[in-house]
Amino acid sequence: MRCGGDNAELMAAKRSLRKLRRSFYDRDAIDVARELIGKILVHRRAGEEFRARVVETEAYVGPHDLACHASKGRTGRTEVMFGRAGHAYVYLIYGMYQMLNIVTAGVGDAQAVLIRAAEPLGGWESDLSGPGKLAREMQIGRAQNGLDLTGSELFLLDDPADRPRVVRSKRVGIDYAGEWVHALLRFYDAQSASVSKPR
DNA sequence: GCGTCGATGGCA
DNA sequence: GCCATCGACGCG
């Protein structure tokens, strides 16, 4: 992995980045989903570090939300969603793609935020415009399920200088979810070219 | 540029 | 028998 060098501006920017704490995640998914836009996702693994700026998320707001996996009850797969905020919920879909989610809200309150797209940072080129591609390219999978995001392997950073214009829309790929299809629970950076389609 | 379709495996 | 997806294919 490439590491910046001695550019003064870059060093100053890096110094102001702060890891998101438990309190950031311990809120309703809808608030966390909106505020995650512009945050920096970091995955350290096997001597490599992947960084990317989050540009698209979706909120899954609890058991009453028919698109939320928790609406099917507490199962082996969804167990982490019912646990403490600030942990990774990663699952396999369509037999070949892994989805990275962030558990939010209190214990027993099963809410989560799906990370759908990001822009690679740090001289690393990759297409992260979709949840399956993002997880694959950042080498995030079920091995990372349950990881504590206040730790040092998988976490998010706040860049105080990054103030994106965030817009809302319907969530993608949940046509089975009845009236919840229409809920505006998807958030994305209006300026980003890395947002997954459709707009 | 669109719509349609198949891959592929864990889970309920 | 579903899927919080993606990429390949066929149109005309």
Side-chain angles (χ1 to χ4, degrees), chain A residues 25 27-37 39 41 43 50 52-83 85-105 109-120 124-147 149 154 156 166-189 192-199:
Chain A
Y25 303 109
R27 298 179 290 155
D28 284 338
I30 190 165
D31 295 321
V32 177
R34 184 191 305 109
E35 293 181 34
L36 275 176
I37 304 302
K39 300 295 188 283
L41 176 64
H43 185 206
F50 302 94
R53 177 178 177 271
V54 175
V55 298
E56 181 182 349
T57 60
E58 280 176 0
Y60 290 83
V61 299
H64 56 295
D65 173 3
L66 295 181
C68 183
H69 289 171
S71 67
K72 304 234 170 53
R74 192 192 282 237
T75 69
R77 181 174 71 161
T78 61
E79 185 61 27
V80 292
M81 273 186 87
F82 288 84
H87 289 257
Y89 166 43
V90 186
Y91 64 91
L92 180 74
I93 191 70
Y94 302 118
M96 61 183 87
Y97 297 105
Q98 325 245 16
M99 304 282 104
L100 170 64
N101 296 255
I102 311 299
V103 176
T104 77
D109 189 354
Q111 304 190 39
V113 174
L114 170 67
I115 309 297
R116 285 192 56 88
E119 299 166 343
W124 167 54
E125 294 295 331
S126 196
D127 177 9
L128 309 177
S129 62
K133 289 186 281 190
L134 182 149
R136 183 183 68 216
E137 297 301 304
M138 296 190 74
Q139 296 185 25
I140 294 165
R142 280 172 297 170
Q144 281 69 44
N145 187 46
L147 270 185
L149 303 179
L154 184 64
L156 286 123
V166 179
V167 285
R168 296 174 71 151
S169 76
K170 297 177 182 180
R171 293 174 292 184
V172 178
I174 53 146
D175 290 347
Y176 59 88
E179 56 194 46
W180 285 90
V181 167
H182 310 298
L184 301 178
L185 294 174
R186 173 175 175 240
F187 299 85
Y188 59 87
D189 176 355
S192 178
S194 298
V195 173
S196 76
K197 301 176 194 287
R199 296 260 171 173

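Chain identifiers are assigned alphabetically (A, B, ...) following the order of the sequence lines, protein sequences preceding nucleic acid strands; residue numbering begins at 1 within each chain.
- Rounded to an integer number of Å, the gap from L114(A) CG to dA4(C) P is 10 Å.
- Residue G76(A) is classed as a sugar-phosphate contact, given heavy-atom separations below 4.0 Å to backbone atoms only.
- The side chain of L92(A) lies closest to dG10(B) when the candidates are dC3(C), dG10(B), dT5(C).
- Under the salt bridge (charged side-chain N to carboxylate O under 4.0 Å, His left out) criterion, the residue pairs touching residues 60-82 of chain A are D65(A)-R171(A), R74(A)-E79(A), with sequence neighbours excluded.
- Remark on DNA chain C: of its neighbouring residues G173(A) and R136(A), the 5'-side contact belongs to G173(A), judged by nearest-heavy-atom nucleotide.
- When heavy atoms are screened at a 4.0 angstrom cut-off, M96(A) is found touching base atoms of the nucleic acid.
- Of the possible donor and acceptor atoms, one in the side chain of Q111(A) sits under 3.5 Å from a partner among the backbone N and O of A29(A).
- Remark: P of dC2(C) and CG of L66(A) are 17 Å apart, rounded to the nearest angstrom.
- At whole-Å resolution of the value, OH in Y97(A) and P in dC2(C) are 20 Å apart.
- Helical stems in DNA chain B, defined as runs of 3 or more consecutive Watson-Crick or G-U wobble pairs with both donor-acceptor distances under 3.5 Å, are listed by first residue as B:1-7 with C:5-11, B:9-11 with C:1-3.
- Atom C1' of dG10(B) sits at a distance of 22 Å from the matching atom of dG7(C), rounded to the whole Å.
- In terms of modelled atom types and a separation under 3.5 Å, the side chain of S126(A) and the main chain of L128(A) share no donor-acceptor contact.
- The distance between atom CD of Q98(A) and atom P of dT8(B), rounded to the nearest whole Å, is 15 Å.
- Proximity note for R142(A) (side chain, C-beta onward) versus dG7(C), dA4(C), dG10(B): the nearest is dG10(B).
- Remark: the backbone N or O of R53(A) is not paired with any side-chain donor or acceptor of E119(A) at under 3.5 angstrom.
- At a threshold of 4.0 angstrom between heavy atoms, the contacts of G132(A) are confined to the sugar-phosphate backbone, with no base atom among them.
- The side-chain ring of Y94(A) is stacked on the base of dT5(C), judged by centre separation under 5.5 angstrom and plane angle under 30 degrees.
- Heavy atoms of R171(A) sit nowhere under 4.0 angstrom from any nucleic acid atom.
- What separates NZ of K197(A) from P of dG7(C) is a distance of 13 Å, to the nearest Å.
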- Message: Between W180(A) and L185(A), does the side chain to side chain contact (heavy atoms under 4.5 Å, CB included) criterion hold? Intermediate values first, please.
- Response: CA-CA 9 Å; W180(A) 285 90; L185(A) 294 174; 4.2 Å; yes
- Message: side chain to side chain contact (heavy atoms under 4.5 Å, CB included) for I30(A) and F187(A)? Distances and angles first, verdict last.
- Response: CA-CA 9 Å; I30(A) 190 165; F187(A) 299 85; 3.8 Å; yes
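- Within the nucleic acid shown, I93(A) comes within 4.0 Å of at least one base atom, counting heavy atoms only.
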- Query: How far apart are the C-alpha atoms of T78(A) and Y89(A), what are their side-chain angles, what is the distance that settles it, and do they pass the side chain to side chain contact (heavy atoms under 4.5 Å, CB included) test?
  - Reply: CA-CA 8 Å; T78(A) 61; Y89(A) 166 43; 4.0 Å; yes
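- Just one of K197(A), R186(A), R34(A) meets the salt bridge (Lys or Arg N to Asp or Glu O under 4.0 Å) condition when paired with E56(A); it is R186(A).
- For the pair L134(A) CG and dA4(C) C1', the computed distance is 13 Å after rounding to whole Å.
- In terms of phosphate contacts, K72(A) brings no side-chain nitrogen or oxygen within less than 4.0 Å of OP1 or OP2 of dC11(B).
- One interatomic measurement links the two molecules: NZ of K170(A) to C1' of dA4(C), which rounds to 16 Å at whole-angstrom precision.
- Rounded to an integer number of Å, the gap from OH of Y176(A) to P of dA12(B) is 14 Å.
- As judged by a 4.0 angstrom heavy-atom cut-off over every strand, S196(A) is placed among residues making no nucleic acid contact.
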